Amino acid sequence: MKKVLIVFAHPETTSLTRHFADTAAQTLNAQGAEVMMSDLYGMGWKAVFDAQDFPARADPHRLSFINESDHAYSTGQQTTDVHAEQQKLLVADAVILLFPLWWFGLPAMLKGWIDRVFAYGFAYGYKAEGNRYRYGDGMLKGKRALLSVMVGGPERDYSPRGINGPLEQLLFPVTHGSLFYTGMDVLPTHAVYGTGRIDEAGVAAATEAWRARLAQLFIEAPIPFRRQNGGDYPDSHVLADEVAIGQTGLQSHLTDKYFSRE
Ligand SMILES: Cc1cc2nc3c(=O)[nH]c(=O)nc-3n(C[C@H](O)[C@H](O)[C@H](O)COP(=O)(O)O)c2cc1C
C-alpha cells in the first residue's frame, strides 16, 4: 500500500487550499493509499527555526545552525515535532505540499517546515559526506514530491512572457533547491490560477483536474532535472562544457526544454 504525506498551510477551513487537501485525502484513500496529514496551522507548527530547536547544544556559545542540526539529528536530540515529521517523510512514498502562493513563494509556515524538518544528516549532508549526495541522491531518494499551489493571479501573468514569470521558474528554489536536492523525484507543479475570482463552476473544474492529477501521482514523469552524480557535473558544481551548450541559468539544469513548454 502506497503512503502519501500531505503537508498543507492554511488556517481557514473554507479556503481552496483546505478544499484541495481534503480532496487529495479522499481521492488517495479511494485509490487505496494510506494518507498522513500535516495540517501546519492546526498543529500550531513553529515556523521559525531558532535556538529552541536545539535543546541540547553542541556549542552553547555560538549558534551554528548546520552544526547544531547535525548534532541534534545524529544524537537523537531533535525536538519531538521535527522528529515526528521526519518519521512521516521516511515512511511516505510521496509527499504533497499544498499552499497558497504568497509573494511568489511559500507561506512562512511551510517554509519553516522545510527549514526545520530538512535537517543535516537527513535531507542534506547525508552520510556525513558534505555535498556528495544531493540533487537526485540522498536519504529521500525514491520518493515522489508534488507542489499543489493556489495562485491568486491569472494564468496569463505566469505565461512564458507574462509579467510575473512562469510559475515553475518562480518555484525552482522549492522544486529543485529543496525537494530534488534531497533526492526526491519532483513532479510538475499543479496550479490553480485565478483563485481571487474563482466561482463555483471554477472550483468544480479545478477539483476534477486535481483528482485527475492525483491519479497520476505514481505514474507521471518527474521534472527532468539533471542529477549531480549523473555525469553532467564532473566536479559536482558546474555543468560540463559539452552539456547544455550555450545555456545558462535555470533551464540548463534540466535535460530538455521543460521551461519553454510553459
Ligand atoms: C500575503 C499574500 C501574498 C500573496 N501573494 C500572491 C502572489 O505572489 N501571487 C499571486 O498570484 N497571488 C498572491 N496572493 C493571492 C493568493 O494566492 C490567493 O489569496 C490564494 O490563492 C487563495 O487561495 P486560498 O483560498 O487557499 O487562500 C497573495 C495573498 C496573500 C494573502
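Just so it is clear, the model here is predicted, and its values are computed rather than measured. Start at 1 and go down the list; that is how both ligands and their atoms are numbered.
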Reported [atom1]-to-[atom2] distance for the pair [X] and [Y], which is rounded to 0.5 angstrom:
X	Y	atom1	atom2	result
Phe218	Gln31	CZ	CD	8.5 Å
His190	Gln216	NE2	CD	12.5 Å
Leu16	Thr207	CG	OG1	7.5 Å
Trp210	Thr27	CH2	OG1	8.5 Å

Can you hop from Trp113 to Val48 via hydrophobic side chains spaced under 4.5 Å?
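They do not share one cluster, since no chain of ILVMFWY contacts under 4.5 Å joins Trp113 to Val48.
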Partners passing ring-ring contact (aromatic ring centres under 6.0 Å, His included) against Phe49 (at least two apart in sequence or in another chain):
Phe54, Phe65
Residue-ligand contact Phe99/ligand 1, heavy atom below 4.0 Å:
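No.
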When you measure from atom 26 (O) of ligand 1 to each heavy atom in Thr17, Asp157, Leu101, Thr14, which option holds the nearest one?
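The residue whose heavy atom sits nearest atom 26 (O) of ligand 1 is Thr17.
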Quick test: of every protein heavy atom, which one is nearest to [atom], and how far off is it to 0.1 Å?
atom	answer
atom 9 (N) of ligand 1	Tyr158 OH, 3.0 Å
atom 21 (O) of ligand 1	Thr195 OG1, 2.7 Å
atom 15 (C) of ligand 1	Gly152 CA, 3.8 Å
atom 23 (O) of ligand 1	Met150 CB, 3.7 Å
atom 29 (C) of ligand 1	Trp102 CD1, 3.6 Å
atom 24 (P) of ligand 1	His10 NE2, 3.6 Å

Kindly give the heavy-atom pair with the smallest separation between Ile223 and Pro188, and that separation in Å.
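Taking every non-hydrogen atom into account, CG1-N, 3.7 Å.
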Any N/O of Leu16 closer than 3.5 Å to an N/O of ligand 1?
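Yes, there is a polar N/O contact under 3.5 Å.
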Would you say ligand 1 has an N or O under 3.5 Å from any N or O of Trp103?
yes
For Arg211, all residues meeting salt bridge (Lys or Arg N to Asp or Glu O under 4.0 Å), sequence neighbours excluded
Glu208
Which of the atoms of ligand 1 are close to Phe104, meaning less than 4.0 Å from one of its heavy atoms?
7 (C), 8 (O), 9 (N)
